[in-house]
*Asks:* 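Pasting in a structure now, in structure tokens, and then I'll have a few things to ask.
As the structure lists them, so they are numbered: ligands from 1, and atoms in each ligand from 1.
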Amino acid sequence: MINRISILDVQEFKNNGEKFPMLTAYDYTTSKLIDQVGVPIILVGDSLGQVVLGYDSTIPVTVDEMIYHTKAVGRGSERSLIVSDMPFMSYHIGLDQTLHNAARFVQEAGANALKLEGGKAIADKVKRIVECGIPVMGHLGLTPQSINQLGGYKLQGKTFDTAEQILEDAIALEEAGAFSIVLEVVPEPLAKLITEHISIPTIGIGAGKFCDGQVQVYHDLVGLFIDFYPKHAKRYGKLADSIKESVEAYCNEVRSGE
Ligand code: KIV
């Protein structure tokens with residue numbers, strides 16, 4: 001039996017100064033490919049709302065949709081740690097609702113850990129989930145589930161006060177038992193400060209090079225999502241073009257009778 005990466009391995013990465021990648025996946029085939037390359041953490045992100053389901057934000061994504069996709073990712077992966085996003089409002093109404101949903105992700109969907117957006121405001125929920133034996137990854141900075149509050153997908157923590165608040169949120173998450181924290185679209189010096197200040201790993205996206213790990217949305221990385229490309233996403237491939245070329249070639253051969 002192959003051993004899956006665990007949260008202890010993720011902590012070891014930080015302790016040993018070993019930078020690590022995390023990548024999203026939402027289906028069996030992609031999960032299998034990413035797993036085979038040796039990406040230690042697969043995130044079943046609620047970004048699937050945009051890149052897979054065609055919503056215009058992550059807000060409409062439901063627990064059932066996340067569970068459906070987490071199951072598929074789990075079937076494709078043997079070795080990666082599978083982290084699933086708890087979607088909008090699935091951990092806000094009360095502790096009972098939070099724990100009920102968290103349990104579904106682990107029992108029904110096979111997630112190894114959960115990611116929740118927010119800091120101090122949700123630290124009590126994080127603590128209880130962790131006490132139940134479910135590892136939690138935090139998410140601070142640009143938190144897309146709060147897009148209506150933030151007023152757009154823009155840099156967070158620009159002023160001294162907002163930067164201080166993000167640092168305090170990171171400390172609160174560590175104290176609540178989170179095993180790592182995603183820092184999305186925050187200034188590089190702030191990400192560096194947080195990374196040095198807390199003992200659990202930080203995982204950056206648009207947060208500069210000093211985080212312990214980096215995460216990207218798979219569709220951005222391989223050039224598959226054509227609606228928009230975030231500034232911080234480096235495109236390593238042009239899959240959208242390649243798919244269109246293959247489909248066109250097939251259509252041409254069918255039409256010509258070949
Ligand atoms: O949903 C997602 O894909 C994410 C990453 C961008 C961190 O939360």
*Asks:* Applying salt bridge (Lys or Arg N to Asp or Glu O under 4.0 Å) to Arg104 and Asp64, what does each step give before you reach the verdict?
*Replies:* CA-CA 9 Å; Arg104 284 193 66 197; Asp64 285 339; 2.8 Å; yes

*Asks:* For His139 versus Lys115, what's the shortest heavy-atom pair and its separation?
*Replies:*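 Nearest pair, atom of His139 first, then Lys115: ND1-NZ, 2.7 Å.
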
*Asks:* Heavy atom of Gln216 under 4.0 Å from ligand 1?
*Replies:*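 It does not, in that no heavy atom of Gln216 comes within the 4.0 Å cut-off of ligand 1.
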
*Asks:* Is there a nitrogen or oxygen of Tyr26 sitting under 3.5 Å from a nitrogen or oxygen of ligand 1?
*Replies:*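 No, there is no polar N/O contact under 3.5 Å.
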
*Asks:* Check ligand 1 against His139 and write out every atom of the ligand that is under 4.0 Å from a heavy-atom position of the residue.
*Replies:*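 Matching atoms, with element in brackets: 8 (O).
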
*Asks:* Can you sort out which atoms of ligand 1 are near Gly45, meaning under 4.0 Å from one of its heavy atoms?
*Replies:*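 Per the distance check, 1 (O), 2 (C), 3 (O).
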
*Asks:* Give the numbers and elements of all ligand 1 atoms closer than 4.0 Å to a heavy atom of Thr24.
*Replies:*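 Listed by number with element, the hits are 3 (O).
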
*Asks:* Can you check salt bridge (Lys or Arg N to Asp or Glu O under 4.0 Å) on Lys127 and Glu131, steps first, answer last?
*Replies:* CA-CA 6 Å; Lys127 187 165 185 289; Glu131 280 168 357; 2.9 Å; yes

*Asks:* Would you call the rings of Tyr26 and His219 parallel, tilted or perpendicular, where under 30° means parallel and over 60° means perpendicular?
*Replies:*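 Correct class here is tilted.
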
*Asks:* Which atoms form the tightest heavy-atom contact between Asp9 and Ser6, and what is the distance?
*Replies:*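 Of all heavy-atom pairs spanning Asp9 and Ser6, the closest is OD2-N, 2.8 Å.
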
*Asks:* Among all protein non-hydrogen atoms, which one is nearest to atom 8 (O) of ligand 1, and what is the separation to 0.1 Å?
*Replies:*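 Here the closest protein heavy atom is Lys115 NZ, 2.8 Å.
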
*Asks:* Considering only protein heavy atoms, which is closest to atom 3 (O) of ligand 1, and at what distance to one decimal place?
*Replies:*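 For atom 3 (O) of ligand 1, the nearest protein heavy atom is Ser47 OG, 2.5 Å.
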
*Asks:* Ignoring angles and geometry beyond distance, decide whether Asp46 reaches within less than 3.5 Å of ligand 1 through its nitrogen or oxygen atoms.
*Replies:*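 So ligand 1 has an N or O lying under 3.5 Å from an N or O of Asp46.
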
*Asks:* Using a 4.0 Å heavy-atom cut-off, say whether Thr58 meets ligand 1 through its side chain, its backbone, both or neither.
*Replies:*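 Neither; no heavy atom under 4.0 Å.
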
*Asks:* Quick one: nearest non-hydrogen protein atom to atom 4 (C) of ligand 1, plus distance?
*Replies:*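 Of the protein heavy atoms, Leu43 CD2, 3.6 Å lies nearest.
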
*Asks:* Are Gln50 and Asp227 close enough that a side-chain donor and a side-chain acceptor fall under 3.5 Å?
*Replies:*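 Distance-only check fails for Gln50 and Asp227.
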
*Asks:* Would you mind reporting whether Phe20 and Val10 have side-chain heavy atoms less than 4.5 Å apart?
*Replies:*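 A side-chain contact exists here, since the closest heavy-atom pair is under 4.5 Å.
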
*Asks:* Quick one: which ligand 1 atoms are inside 4.0 Å of a heavy atom on Asp85?
*Replies:*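 Answer for ligand 1: 1 (O), 2 (C), 8 (O).
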
*Asks:* Please report which non-hydrogen protein atom sits nearest to atom 6 (C) of ligand 1, along with the residue it belongs to and the distance in Å to one decimal place.
*Replies:*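 Minimum-distance protein heavy atom for atom 6 (C) of ligand 1 reads Ile205 CD1, 3.7 Å.
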
*Asks:* Taking the side chain as C-beta and beyond, is there a heavy-atom pair between Tyr55 and Val61 under 4.5 Å?
*Replies:*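 Side chain of Tyr55 against side chain of Val61, heavy atoms only: contact under 4.5 Å found.
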
